2 protein chains.
Amino acid sequence: MTEPPGRRERKKAATRRKIADTALRLFLERGYDAVGIRDVAAAADVAVTTVFAHFASKEALVFEQDEDFERGLIRAVTDRAPHEPLMPALRREIHALVRHCTADDAAPVWRLVEETPALREYDESMRLRHAASLATAIAADPELSRTATACRTIARFAIDAYSLAREADDPEAAVDEIFGMIEAAWEVTGSAA
Amino acid sequence: MTEPPGRRERKKAATRRKIADTALRLFLERGYDAVGIRDVAAAADVAVTTVFAHFASKEALVFEQDEDFERGLIRAVTDRAPHEPLMPALRREIHALVRHCTADDAAPVWRLVEETPALREYDESMRLRHAASLATAIAADPELSRTATACRTIARFAIDAYSLAREADDPEAAVDEIFGMIEAAWEVTGSAA
DNA sequence: TTGTGAAAAGCTAACGGTTAGGGTTATGTT
DNA sequence: AACATAACCCTAACCGTTAGCTTTTCACAA
């Protein structure tokens, strides 16, 4: 399935990683706004155009795990144990995400994000994309026959839980408090069927 | 309280309105991305710096009602009838907002927003600001003693309802469907007291 | 009226993210 | 060996935005 990658792909991946690592290091050292794309390119020893060949924007340099987050969310729905209700699976996944973001080694990065308006904005629209994907996954599950609006709403709520918990004093407790509310919201959508 | 405004303030307001009107007209005619700030300034017969003296960014040219929305939301909470529960007031306000956005004369503008990624992003972070303000208003109401997390969560959910309903096939029905879920979420936060 | 301070608007030049255009090198393939 | 192409480089520019400074316009008081 995964052939041993050739030299070309290995070099490409190495370039990408070098750019991302260099950028993150510089951002953490000097601050996001104080580091220009031209600085990143020079420090990574690549051309500016190469940076944008690998990353769609300056902000994207900070959010490499973007797609992992999204895949994880979708799998939490599609790969859960047979006949397991949606909510516990979703709650577990959000717990994992929050724990991941508040872990000690990830903390400096998230501090950077919270301090930088441009990164906050980027994070926000990433979350909306994730919510949309999650909504699609929920809507596709034959065991959960809900309206499209209900699916989209619960997906948003779950992503809100992730976002709000990250900012709370006690993130883990916040996830549980918010999911108490979400489960109540979810249950009223099932009774109408 | 409100003195008759002098010539100076009238001219300032006129300049502001001329810029916003010109910008919106050009955006609708040629598309947001096809119109530059320099085009707007030239068409409104002002300097580029004057545009930015009145509006914080190009996107802000499209969202003049921003502050009205925010004030309306907060008033829905603070100015509701004595002892009226929160939820009906909030639901009414969101209904009003959705109706306002889906009205025929506002439709072209919202189509423009939905078609333009930069404007969608701006809209998203505006909503988060509104949610934060709404959360503060809810938390400040002595009749509703809930945790800070619960207040923030309900505020987010209400703004989600606004956002999701705008995109739904039947916006008015979507508001009611989502508020059914939000009310259930709100009620479980009261029972712990 | 006239002078004066300040707000509003203007001009120029620049910065920083982003992209287009067109060229060079390295890699995989025939 | 020869070709096609992916990855990369360079230059120059576009566009939103801001800084620095000058000019105009208004409000108000001497």
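What you see is a predicted model; the values in this text were computed from it and never measured. Note on naming: letters A, B, ... go to the chains in the order of the sequence lines (proteins, then strands), and numbering restarts at 1 for each one.
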>> Using whole Å, what does the distance between atom P of nucleotide dG16(C) and atom NZ of Lys58(A) come to?
In response: 9 Å

> Base, backbone or nothing for each nucleotide of nucleotides 18-30 of chain D, written B, S, -, heavy atoms under 4.0 angstrom, 5' to 3'?
Replying inline: BB-----BBS---

>> So, OP1 or OP2 of dC8(D): does either fall under 4.0 Å of a side-chain N or O from His54(A)?
In response: yes

> Got Pro88(B) and Phe179(B) here, is their nearest side-chain heavy-atom distance under 4.5 Å?
Replying inline: no

Would you be so kind as to tabulate the donor-acceptor pairs closer than 3.5 Å made by side chains of residues 5-13 of chain B, with sequence neighbours excluded?
none

>> I need the full list of side chain to side chain donor-acceptor pair (under 3.5 Å) pairs touching residues 81-99 of chain B, with sequence neighbours left out, sorted by first then second residue.
In response: Glu84(B)-Arg92(B), Arg91(B)-Asp176(B), Arg91(B)-Glu183(B), His95(B)-Glu172(B), His95(B)-Asp176(B), Arg99(B)-Glu172(B)

> Are any of the side-chain heavy atoms of Ile178(A) and Asp160(A) separated by less than 4.5 Å?
Replying inline: no

> Roughly, in whole Å, what's the span from CZ in Phe55(A) to C1' in dG17(C)?
Replying inline: 16 Å

>> Asp141(A) vs Arg146(A), test: salt bridge (Lys or Arg N to Asp or Glu O under 4.0 Å). Steps then yes/no.
In response: CA-CA 9 Å; Asp141(A) 188 318; Arg146(A) 304 296 213 282; over 6 Å; no

> Can a cation-pi geometry be assigned to Arg166(B) and Tyr162(B), taking NZ or CZ under 6.0 Å from the six-membered ring centre and within 45° of the ring axis?
Replying inline: yes

> Which comes earlier along DNA chain D counting from the 5' end, the contact point of Ser57(B) or that of Asp45(A), where each point is its nearest nucleotide?
Replying inline: Asp45(A)

Using residues 28-47 of chain A as the side-chain source, report each donor-acceptor pair under 3.5 Å to any protein atom, sequence neighbours left out, with the distance given to one decimal.
residue, atom, partner, partner atom, Å
Glu29(A), OE2, Arg25(A), NH1, 3.4
Tyr32(A), OH, Glu59(A), N, 3.2
Tyr32(A), OH, Glu59(A), OE2, 3.4
Asp39(A), OD2, Gly36(A), N, 2.9

>> Near DNA chain C, counting only heavy atoms under 4.0 Å, which residues of residues 25-40 of chain A show up?
In response: Val35(A), Gly36(A), Ile37(A), Arg38(A)

> What parts of residues 109-128 of chain B reach DNA chain C, counting only heavy atoms under 4.0 Å away?
Replying inline: none

>> Tell me whether Arg156(B) forms a cation-pi arrangement with Phe157(A), defined as NZ or CZ under 6.0 Å from the six-membered ring centre and within 45 degrees of its axis.
In response: no

>> Could you tell me if the side chain of Leu134(A) sits less than 4.5 Å from the side chain of Leu90(A), heavy atoms only?
In response: yes

> With a cut-off of under 6.0 Å to the ring centre and 45° to the axis, is Arg127(B) in cation-pi contact with Tyr122(B)?
Replying inline: no

